[in-house]
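See below for the structure under consideration.
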Protein chains: 4
Amino acid sequence: MTPIGFLGLGIMGTAMARNLLKGGFPVTVWNRTPERCDALVALGATRGESPRAVAAACTTTCAMVSDPAAARALVWGEDGVLPALVPGKSYVDFSTVDPDTAGEIAAAVTSQGARFLEVPVSGSKKPAEDGTLVLLAGGDRSLFDDLAPALSRLGQKALFLGPAGRGAAMKLVVNMIMGEMMVALGEGLALADRAGLAAGDLLEVLDAGAVANPMFRLKGPKVAAGDFGVAFPLKHAQKDLRLALALGDRLAQPLAGAAAANEAFKAARAQGLGELDFSAVCRAVAPTPRG
Amino acid sequence: MTPIGFLGLGIMGTAMARNLLKGGFPVTVWNRTPERCDALVALGATRGESPRAVAAACTTTCAMVSDPAAARALVWGEDGVLPALVPGKSYVDFSTVDPDTAGEIAAAVTSQGARFLEVPVSGSKKPAEDGTLVLLAGGDRSLFDDLAPALSRLGQKALFLGPAGRGAAMKLVVNMIMGEMMVALGEGLALADRAGLAAGDLLEVLDAGAVANPMFRLKGPKVAAGDFGVAFPLKHAQKDLRLALALGDRLAQPLAGAAAANEAFKAARAQGLGELDFSAVCRAVAPTPRG
Amino acid sequence: MTPIGFLGLGIMGTAMARNLLKGGFPVTVWNRTPERCDALVALGATRGESPRAVAAACTTTCAMVSDPAAARALVWGEDGVLPALVPGKSYVDFSTVDPDTAGEIAAAVTSQGARFLEVPVSGSKKPAEDGTLVLLAGGDRSLFDDLAPALSRLGQKALFLGPAGRGAAMKLVVNMIMGEMMVALGEGLALADRAGLAAGDLLEVLDAGAVANPMFRLKGPKVAAGDFGVAFPLKHAQKDLRLALALGDRLAQPLAGAAAANEAFKAARAQGLGELDFSAVCRAVAPTPRG
Amino acid sequence: MTPIGFLGLGIMGTAMARNLLKGGFPVTVWNRTPERCDALVALGATRGESPRAVAAACTTTCAMVSDPAAARALVWGEDGVLPALVPGKSYVDFSTVDPDTAGEIAAAVTSQGARFLEVPVSGSKKPAEDGTLVLLAGGDRSLFDDLAPALSRLGQKALFLGPAGRGAAMKLVVNMIMGEMMVALGEGLALADRAGLAAGDLLEVLDAGAVANPMFRLKGPKVAAGDFGVAFPLKHAQKDLRLALALGDRLAQPLAGAAAANEAFKAARAQGLGELDFSAVCRAVAPTPRG
């Protein structure tokens with residue numbers, strides 16, 4: 001079995017590469033800052049010299065970087081993978097990018113004769129470590145099927161959604177719903193507070209009913225305590241709302257609730273909350289201090 | 001032990017009175033349409049002659065009717081309970097009413113020297129039957145404490161929230177959040193559809209992540225199938241949004257997300273969907289047929 | 001010619017009664033604070049003892065007070081006009097009230113056998129003084145026609161809109177549009193400022209184009225200068241938006257733009273701007289200080 | 001005096017070039033479809049062979065095309081003007097483009113040593129013919145000053161707003177306000193209709209008051225009559241709202257009213273109204289037929 005290449009060892013990538021190792025897959029790793037490879041090498045991974053060298057050495061190469069620019073650089077940049085993706089090779093991008101970027105990378109890889117799969121993930125650090133991500137795949141169906149054993153180490157669930165771009169679109173839809181729900185929670189907490197109701201009582205009632213969900217359970221008490229320690233930065237949540245609205249605009253789908261939520265997130269940015277956790281939108285919708 | 005009076009035997013009241021009987025409490029029942037008492041009498045309940053007669057015979061009288069007008073009629077109407085609520089008596093109203101109505105009934109009852117508790121409930125038919133409602137109490141704290149054994153037969157959880165009106169306010173806050181979430185679901189389904197994503201895939205992803213909740217799990221597949229069989233009528237959900245917004249207006253709390261959701265529900269009413277389930281708002285936000 | 005009665009001598013009522021006097025109509029005036037009658041008496045008006053006494057002495061009695069409660073008190077209060085409104089008498093209410101109040105006053109007056117006309121006005125102090133108000137009449141058509149000579153002294157234009165309540169509804173529609181336009185102006189000024197454009201340049205461009213209007217011309221420079229000296233209090237503008245939305249709710253007419261504008265006005269109230277001019281909503285939509 | 005070059009002879013460009021001719025300026029014209037030059041040549045204009053040939057022959061070359069792609073093609077396309085814009089030459093772009101496009105064209109032209117001015121215009125066919133446009137200039141101040149005699153033939157007013165991009169930004173702000181006002185008019189007409197008020201009465205009241213404006217006066221009666229003959233296409237109005245919101249997003253300026261208006265325009269597009277006049281948004285906000 002040739003090793004699986006893995007490019008990008010941030011919080012997410014490191015956890016995912018480790019789970020592949022634990023699953024018995026040989027892994028060749030590379031990261032722009034080479035020291036981030038050390039821990040995985042200590043666990044048995046091989047160190048790669050460059051993205052292109054990794055792609056040349058491995059049948060399947062995976063990537064997990066933080067934004068579209070970084071994802072593009074891995075493909076087209078100096079020492080990028082593209083020239084190495086000859087027929088017989090496969091490239092799997094776990095990064096979250098917009099549908100257009102996903103489509104362009106797919107076109108470039110497949111025009112080389114290699115196979116491509118985008119797999120943006122739903123879930124952050126903890127599910128990555130636990131191997132319980134939800135994997136939103138788009139691109140080459142045969143590659144998705146071939147990778148089933150590896151993907152099963154990374155996620156509790158993997159869905160194949162169609163051509164490249166569908167995974168990115170699904171991620172935007174899910175994050176749009178999440179953003180609207182966070183605004184709903186913020187408005188509920190604000191109204192409760194003005195009406196003399198304790199935040200804890202509201203959260204308890206919510207958690208006992210039909211709308212109970214892990215996000216309210218996790219974030220609700222933190223919001224009530226004014227703790228906006230960052231798990232998912234507000235500016236990124238607003239960016240996802242903006243991209244979802246742009247998708248709706250292109251498709252002529254009105255999204256009045258999402259538009260209102262987006263304005264609430266923008267108001268939060270205008271108030272300097274962009275670097276906090278996205279739950280800080282709850283502070284922006286409660287314009288005067290709660291006492 | 002004197003029996004507990006129970007006025008109003010609709011779907012909710014019947015289930016609740018039955019749970020009291022099952023719990024060993026003697027119950028005296030009354031309903032405007034007397035035949036609705038038969039099944040409970042068959043289970044051991046006593047038949048009451050009128051609201052006032054029930055209140056005269058029982059130390060504690062409960063009510064569960066469908067709207068503020070019916071709740072007021074039970075108190076002030078012909079044969080209403082008010083004259084019978086002398087010191088030593090207690091009146092417990094489970095009906096969902098606005099905070100003003102709750103406050104006026106509370107004032108009338110307590111001015112007679114009796115004790116009052118409003119207990120709007122979160123949950124509908126199934127939790128009522130299972131005794132797993134969430135009970136949102138406001139009014140007389142000592143009465144809430146005294147009733148703990150009976151309330152524990154009706155709900156999984158009972159919260160005492162403060163003076164009369166707080167229970168009604170909590171219910172509005174919860175239903176406001178629920179309405180916003182249903183609009184978010186509808187927008188997500190509509191955007192997914194336009195983007196070529198299957199509703200079932202979106203629902204599966206949602207259910208595997210941080211926003212997973214029983215409402216999406218229950219209603220999502222029905223919405224995708226165009227099944228809007230009524231559990232909670234859309235016109236009532238819109239009324240609750242309107243009342244929540246009115247509460248926010250009185251308290252100077254902006255609620256832009258709820259206002260946008262309310263307009264979506266109003267648009268659904270304008271399209272003739274008011275008598276369907278409140279999840280039919282999802283149809284109104286997807287303006288062209290999904291194919 | 002019997003005198004015209006005029007009840008309520010605030011800023012608006014005083015100006016209107018004076019215009020009737022100037023037009024050659026004898027006028028009998030009354031005000032809760034009697035000193036406010038002095039100036040008009042000096043111009044030739046007769047002093048009335050009470051609303052009822054005025055209605056008894058005059059064939060036609062007019063009222064101009066500040067809110068529905070005051071309007072109701074003039075009719076049903078101690079010494080109110082109702083018992084004096086026998087057949088042959090007429091009552092004309094210029095006050096701005098909601099459609100329901102207008103309808104109830106109309107029903108009470110006509111059940112006495114008298115004629116009724118609601119005439120809310122569009123325009124404030126200056127047009128009242130200049131006799132250039134726009135008069136929005138609803139109720140008895142024959143009374144509207146009979147009063148043409150007097151109404152022509154008060155307004156540049158008088159429209160008969162149908163049964164009582166239509167005048168109130170028209171006023172709400174107009175003020176709703178006005179509120180939405182003020183929010184549009186505020187957003188435009190805020191975006192221009194962020195984009196490095198001078199407020200004066202934007203106002204000059206607006207005033208040279210298809211959307212040029214007296215309100216932007218008058219209020220724009222004041223907003224840019226932070227001058228929110230009150231002409232029409234913000235809390236009243238928000239109340240009119242709320243009532244317009246309530247009318248839309250009753251009629252199942254979605255009004256998403258007005259709902260968003262209403263939330264902006266509520267946010268302004270939450271920031272303590274409710275007593276300033278309604279143009280202060282422009283400050284609320286520009287969340288950080290403009291520099 | 002060397003002639004002024006004029007590229008692009010659509011409805012707007014033809015009217016503007018004709019006004020330059022009438023003002024005594026020699027003009028050299030070019031259009032992609034050459035026959036559109038004939039009428040102007042008959043009036044004395046010289047026919048140009050290509051954009052580059054015109055720019056080579058004229059000290060100052062103007063352009064008026066319909067969108068950013070066409071504006072870019074005139075500069076960078078085959079036979080584009082760029083190589084001819086040597087020091088001493090000037091290029092003036094009247095087209096409506098986004099701020100980024102304006103900035104890129106400005107950078108390209110000035111890097112050649114020529115001067116650049118963007119001059120998007122406020123106003124459409126009629127003001128173009130009458131020479132009463134409002135000219136929103138950004139770029140080179142000295143060029144703006146030198147062109148004063150020519151600009152005065154084209155517009156009633158010309159504002160210099162700063163660096164290139166400011167003209168485009170001003171145009172977006174103005175059109176954003178216009179879009180919000182059109183939605184306000186539509187909601188007002190819809191609510192009036194539901195409340196039993198005639199559209200003509202509402203329009204008359206609006207036109208007599210503080211919000212009276214040429215757009216309501218012109219479009220209101222057409223909307224009431226269901227006449228949406230296109231002057232400014234709805235899809236373009238929605239595009240301007242989208243670009244204004246994108247500008248606000250970049251600058252962290254919340255624009256909740258504009259976002260709600262944008263969703264109304266998107267709903268209109270979803271209903272197939274995109275090719276009609278932008279006033280057709282009024283039909284989309286009145287979801288059921290008015291009778």
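In what follows, chains carry the letters A, B, and so on, assigned in the order in which the sequence lines appear, proteins first and then strands, with residues in each chain numbered from 1.
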Contact leader toward chain C among [options], where contacts are heavy-atom pairs under 4.5 Å:
{"options": "Glu263(D), Gln156(D), Arg166(D), Lys219(D)", "result": "Arg166(D)"}
{"options": "Gly188(D), Ala169(D), Ala212(D)", "result": "Ala212(D)"}
{"options": "Val183(D), Leu159(D), Val134(D)", "result": "Leu159(D)"}
{"options": "Val173(D), Leu206(D), Leu133(D), Thr132(D)", "result": "Val173(D)"}
{"options": "Leu161(D), Asn213(D), Leu172(D)", "result": "Asn213(D)"}
{"options": "Pro163(D), Ala244(D), Gly257(D), Ala260(D)", "result": "Gly257(D)"}

Is it the backbone or the side chain of [X] that comes under 4.5 Å from a heavy atom of chain C, or both, or neither?
{"X": "Met176(D)", "answer": "side chain"}
{"X": "Leu251(D)", "answer": "both"}
{"X": "Ala184(D)", "answer": "both"}
{"X": "Glu187(D)", "answer": "both"}

Shortest non-hydrogen separation from Ala210(C) to Pro214(D) and the atoms involved: O-CD, 3.2 Å
Compare every heavy atom of Gln253(D) with every heavy atom of Val285(C), then report the nearest pair and how far apart it is. O-NE2, 2.9 Å
Atom pair [atom1]/[atom2] of [X] and [Y] - distance to nearest 0.5 Å:
{"X": "Met170(D)", "Y": "Leu197(C)", "atom1": "CE", "atom2": "CG", "value": "4.5 Å"}
{"X": "Leu136(C)", "Y": "Leu202(D)", "atom1": "CG", "atom2": "CG", "value": "10.0 Å"}
{"X": "Arg194(D)", "Y": "Leu247(C)", "atom1": "CZ", "atom2": "CG", "value": "11.0 Å"}

Can you confirm whether Lys239(D) is buried at NZ, in the sense that more than 12 heavy atoms of other residues, nucleotides or ligands lie under 6.0 Å from that atom? yes
More than 12 heavy atoms of other groups within 6.0 Å of Ile11(D) CD1: no
Specify which of [options] makes the most heavy-atom pairs with chain D at under 4.5 Å.
{"options": "Arg217(C), Met181(C), Arg250(C)", "result": "Met181(C)"}
{"options": "Ala264(C), Gly196(C), Ala259(C)", "result": "Gly196(C)"}
{"options": "Ala198(C), Ala256(C), Ala261(C)", "result": "Ala256(C)"}

Should Phe216(C) and Ile177(D) count as side-chain neighbours, where that means a heavy-atom distance under 4.5 Å? yes
Pick one of side chain, backbone, both or neither for Glu204(C), based on which atoms fall under 4.5 Å of a heavy atom in chain D. both
